[in-house]
Peer 1: 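One structure follows; several queries about it will come next.
Residue numbers start from 1 in every chain, and the chains themselves are labelled A, B, ... in the order their sequence lines are given, proteins ahead of strands.
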Amino acid sequence: MSVRVRFAPSPTGYLHIGGARTALYCHLIAKAKGGTFVLRIEDTDLERSKKEYEVAMIEDLKWCGLEHNEGPDVGGGFGPYRQSERIEMYKQLADQLVEEGKAYYCFLSDEELEELTEKAKAEKISPHAYHDKYRDFDPTEAKKKVEAGESHVIRFKNPRKKYTFTDLVRGEVTFPEDMVGDFVIIRSNGMPVYNFCCVIDDWKMEMTHVMRAEEHLNNTVRQLMVYEAFGVTPPEFAHCSLLVGEDRQKLSKRHGATSVVQYKDQNFLPQALMNYLCLLGWSHPEEKDVFKLEDIESVFTLDRFQKAPALYDIEKLKHFNGEHMRMLTTEDLVNYLAPTLESSHPFHSMDKKWQESCLEFFKEKFNIPSELPQHLDVLFSTEAEKSEAVEEVKSWESTQAICDYVKSKVEEIASSGASFITVEQFNEMTDHCKKELKIKGKFLFKGLRLALTGMAEGPDLKVVIPLTPIEIMKKRQGLS
RNA sequence: GCUCCCAUCGUCUAGUCUGGUCUAGGACACCGCCUUUUCACGGCGGUAACAGGGGUUCGAAUCCCCUUGGGAGUACCA
């Protein structure tokens with residue numbers, strides 16, 4: 001049987017880092033076995049679900065490079081892929097369970113429910129212990145109440161037995177019989193509930209694997225009951241560990257940038273994000289750390305998962321971004337970084353060849369795009385750096401001589417119509433200072449750097465000077 | 001409270017199933033040295049972990065039990 005795996009977000013917000021990781025794993029499980037990756041929208045919570053989030057979700061998934069084979073936007077043979085469009089089916093199946101005596105109408109009011117919950121808590125037993133008041137209520141009577149319009153929900157009749165299943169990442173997991181009570185499957189507003197829809201859909205959509213985060217582990221027992229009630233064999237389950245923040249709590253908004261879109265906005269490379277996320281709970285069989293998704297599709301297996309929660313560390317993500325950035329071709333590198341610079345940045349007025357050599361050189365110096373402008377200052381800044389180091393260089397007697405010489409030399413080159421100072425010309429300048437001015441050692445190099453860049457330190461002058469526009473050079477000459 | 005899950009450097013992890021080759025390997029971060037007459041890159045090196053206690057065994061990071069610690073769930077959210 002062909003492998004089918006779904007990612008089933010609810011459109012109540014933007015795609016979360018944790019969600020992206022789950023989607024990535026789902027995608028990988030499908031791809032590793034040549035299977036199908038399905039996107040299903042779980043929008044049964046009318047209050048919180050929004051169409052715009054669904055749209056954003058699909059866009060973010062696409063940005064991540066996790067494209068689905070079936071889903072609400074692309075269709076497929078198992079639709080519809082939005083739960084809100086499958087309501088009738090859930091209702092019918094819930095009715096069927098009621099008919100069969102596997103579920104029942106419940107007329108408990110909110111107040112009654114609360115009282116019963118409190119009572120159970122006071123007795124230090126499971127809070128749901130008394131939620132079964134209507135479990136053995138006469139079905140004919142119940143039907144009458146329903147027909148009379150009395151507010152009701154449909155509860156699943158818990159078979160009250162122990163459930164055991166084998167989780168592909170956690171091994172054998174056992175739930176005791178009083179783990180959950182008779183849980184609601186159809187709300188009083190007629191909408192079905194997650195634990196019910198999820199089972200129906202995974203069954204009807206013929207899912208072979210259910211990969212989700214550990215927060216759903218406890219839900220599995222309810223779902224197992226529903227599968228059993230319909231006489232359906234459940235899919236394989238795999239619960240990956242949770243992502244946590246600095247405080248070791250489940251990763252959430254208060255931990256900072258936790259939406260995929262925020263990384264997209266900061267111009268992170270999606271392949272870097274995926275690479276990093278993949279390694280949070282899973283490890284490469286050959287211990288490789290930097291890789292492309294397509295490279296691991298063939299080695300991805302479920303037996304390499306870590307069971308303990310993983311801490312999300314942005315510093316390490318930045319490192320991965322740098323690694324992936326340096327793997328880009330020159331052309332892609334320019335396409336990636338150029339748009340991250342403000343449109344007024346002088347970088348844009350330079351020709352293609354210049355842009356390429358510039359970025360090829362500077363890419364070694366930073367990991368994320370937002371750090372690029374500060375590195376480019378060494379090429380474009382026309383303001384003298386203010387620092388103790390600069391003051392020290394300025395205080396040397398030799399420095400003034402160098403500056404005077406450099407100033408005339410720059411003017412000479414500029415008037416010749418050249419746009420840049422060549423490496424040869426720079427070497428001439430160095431030689432002149434050495435032989436005619438008799439300056440050497442740090443006095444020579446630091447002095448030259450100050451005269452040419454206005455800074456006390458920075459990248460190799462032989463690389464920097466030929467990349468610096470001559471007009472910038474001229475403007476700098478009045479400074480020191 | 002109850003239920004479930006988990007436990008190797010600060011962090012992500014390899015090693016655990018199939019006990020010895022592990023005085024525990026890699027990566028991020030950090031520190032030092034070399035190189036670079038500067039910075040960075042790079043190279044080399046360093047600090048740093050098997051939560052604790054009992055077993056089993058000739059031998060335990062690895063198997064078993066307990067304790068402690070952490071997380072999740074406990075909804076007419078998903």
Peer 1: For the pair made of CD in A:E215 and P in B:rC5, what is the distance, rounded to whole Å?
Peer 2: 17 Å
Peer 1: Starting at atom NE2 of A:H216, determine the distance to atom P of B:rU3, rounded to an integer number of angstrom.
Peer 2: 23 Å
Peer 1: Might you point out which heavy atoms bring A:R6 and A:R212 nearest each other, and give the distance in Å?
Peer 2: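 The answer is NH2-NH2, 4.2 Å.
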Peer 1: Rounded to the nearest 0.5 Å, what's the gap from CG on A:D43 to CD on A:Q83? Could you check?
Peer 2: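 Going from CG on A:D43 over to CD on A:Q83, the span is 6.5 Å.
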Peer 1: Could you identify the nucleotide paired to B:rG42, looking across every strand shown and requiring Watson-Crick or G-U wobble geometry with both distances under 3.5 Å?
Peer 2: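 Partner of B:rG42: B:rC34.
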Peer 1: Under 4.0 Å between a side-chain N or O of A:Q306 and OP1 or OP2 of B:rC12?
Peer 2: no
Peer 1: For A:Q249, answer base if it contacts any base atom (sugar-phosphate contacts may also be present), sugar-phosphate if it contacts only those atoms, and nothing otherwise; contact means non-hydrogen atoms under 4.0 Å.
Peer 2: sugar-phosphate
Peer 1: Scan A:T12 against the nucleic acid and name what it touches under 4.0 Å (heavy atoms): base, sugar-phosphate only, or nothing.
Peer 2: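 Touches nothing.
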Peer 1: Whole angstroms only, please: what is the CD-P distance between A:E323 and B:rC28?
Peer 2: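 Rounded to whole Å, this separation is 7 Å.
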Peer 1: Using the P atom as the reference point in each nucleotide, state the distance between B:rA27 and B:rU18 in Å, no decimals.
Peer 2: 31 Å
Peer 1: Taking the side chain of A:P127 as its heavy atoms from C-beta onward, which of B:rG1, B:rG71, B:rG26 lies nearest to it?
Peer 2: B:rG1
Peer 1: On the 0 to 90° scale, with breaks at 30° and 60°, tag the A:Y105-A:F107 ring pair as parallel, tilted or perpendicular.
Peer 2: tilted
Peer 1: Would you mind classifying the nucleic acid contact of A:D303 as base, sugar-phosphate or nothing, using non-hydrogen atoms under 4.0 angstrom?
Peer 2: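 Nothing: the residue A:D303, judged by heavy atoms under 4.0 Å, touches no strand.
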Peer 1: Using modelled atom types and a 3.5 Å cut-off, is there a donor and acceptor pairing between side-chain atoms of A:N195 and backbone atoms of A:Q223?
Peer 2: no
Peer 1: Counting Watson-Crick and G-U wobble pairs only, both distances under 3.5 Å, name the nucleotide matched with B:rA7, or none.
Peer 2: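 B:rA7 is paired with B:rU68.
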Peer 1: Roughly how many Å apart are B:rU8 and B:rA48, using the C1' atom of each and rounding to a whole number?
Peer 2: 12 Å
Peer 1: With both distances kept under 3.5 Å, what pairs with B:rG73, Watson-Crick or G-U wobble?
Peer 2: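 By the stated definition (distances under 3.5 Å), B:rC2 pairs with B:rG73.
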Peer 1: Could you state the atom-to-atom distance from NZ of A:K365 to C1' of B:rU38 in whole Å?
Peer 2: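 The answer, rounded to whole Å, is 11 Å.
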Peer 1: Pairing check on B:rA48: which nucleotide meets the Watson-Crick or G-U wobble criteria with it, both distances under 3.5 Å?
Peer 2: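 Answer to the pairing question: none, since B:rA48 forms no Watson-Crick or G-U pair.
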Peer 1: Provide the distance between the two C1' atoms, one in B:rU16 and one in B:rA61, to the nearest whole Å.
Peer 2: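 Between the two C1' atoms, the distance is 7 Å.
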Peer 1: Base, sugar-phosphate or nothing for A:G281? Non-hydrogen atoms, less than 4.0 Å.
Peer 2: sugar-phosphate
Peer 1: Partner of B:rU16 by Watson-Crick or G-U wobble geometry, both contacts under 3.5 Å, or none?
Peer 2: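 Paired with B:rU16, as far as the under-3.5 Å criterion goes, is no nucleotide at all.
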Peer 1: Using a cut-off of 4.0 Å on non-hydrogen atoms, how would the nucleic acid contact of A:D460 be classed: base, sugar-phosphate, or nothing?
Peer 2: base
Peer 1: Rounding to an integer number of angstrom, what distance separates B:rC63 and B:rG46 when you compare their P atoms?
Peer 2: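 The same atom, P, in both gives a distance of 30 Å.
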Peer 1: With heavy atoms under 4.0 Å as the rule, sort A:V153 into base, sugar-phosphate or nothing.
Peer 2: base
Peer 1: Could you tell me the separation between the CZ atom of A:F175 and the P atom of B:rA72, rounded to a whole number of Å?
Peer 2: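 The distance from CZ of A:F175 to P of B:rA72 comes to 17 Å, rounded to the nearest Å.
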Peer 1: Would you indicate, yes or no, if B:rU13 has its OP1 or OP2 atom less than 4.0 angstrom from a side-chain nitrogen or oxygen of A:S283?
Peer 2: no
Peer 1: Specify the separation, in whole Å, of atom CZ of A:R304 and atom P of B:rA14.
Peer 2: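 So the CZ-P distance, A:R304 to B:rA14, works out to 6 Å.
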Peer 1: Report the distance from atom NZ of A:K307 to atom P of B:rA7, rounded to the nearest whole Å.
Peer 2: 6 Å
Peer 1: Do A:T468 and A:I421 come close enough that some side-chain heavy atom pair is under 4.5 Å?
Peer 2: no
Peer 1: Using the ring of each side chain (for Trp, its six-membered ring), is A:F196 parallel, tilted or perpendicular to A:Y90, with breaks at 30° and 60°?
Peer 2: perpendicular
Peer 1: Quick check on B:rA78: is either OP1 or OP2 less than 4.0 Å from any side-chain nitrogen or oxygen of A:R187?
Peer 2: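 It does, given that an N or O in the side chain of A:R187 lies less than 4.0 Å from OP1 or OP2 of B:rA78.
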Peer 1: Whether A:K288 contacts B:rA27 is assessed here as follows: a side-chain N or O lying under 4.0 Å from the phosphate OP1 or OP2. Is that the case?
Peer 2: no
Peer 1: Report which part of the nucleic acid A:T44 touches: base, sugar-phosphate, or nothing (heavy-atom distance under 4.0 Å, all strands).
Peer 2: sugar-phosphate
Peer 1: Kindly say whether A:M455 contributes a backbone atom to a donor-acceptor pair with the side chain of A:T453 at under 3.5 angstrom?
Peer 2: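 Checking the backbone N and O of A:M455 against the side chain of A:T453, a donor-acceptor pair under 3.5 Å is found.
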Peer 1: Classify A:E287 by what it touches in the nucleic acid, base, sugar-phosphate, or nothing, heavy-atom distance under 4.0 Å.
Peer 2: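 Base, at least one base atom sits under 4.0 Å.
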Peer 1: Using a heavy-atom cut-off of 4.0 Å across all strands, would you classify A:S10 as base, sugar-phosphate, or nothing?
Peer 2: sugar-phosphate
Peer 1: In whole Å, what is the span from the OH atom of A:Y90 to the P atom of B:rA78?
Peer 2: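 Between P of B:rA78 and OH of A:Y90: 11 Å.
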Peer 1: Return the nucleotide paired to B:rC22: Watson-Crick means purine N1 to pyrimidine N3 with N6-O4 or O6-N4, wobble means G-U with N1-O2 and O6-N3, both under 3.5 Å.
Peer 2: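 Check on B:rC22: unpaired, no WC or wobble geometry under 3.5 Å.
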Peer 1: Under 4.0 Å between any heavy atoms, over every strand shown, what does A:R449 touch: base, sugar-phosphate, or nothing? Just pick one.
Peer 2: base
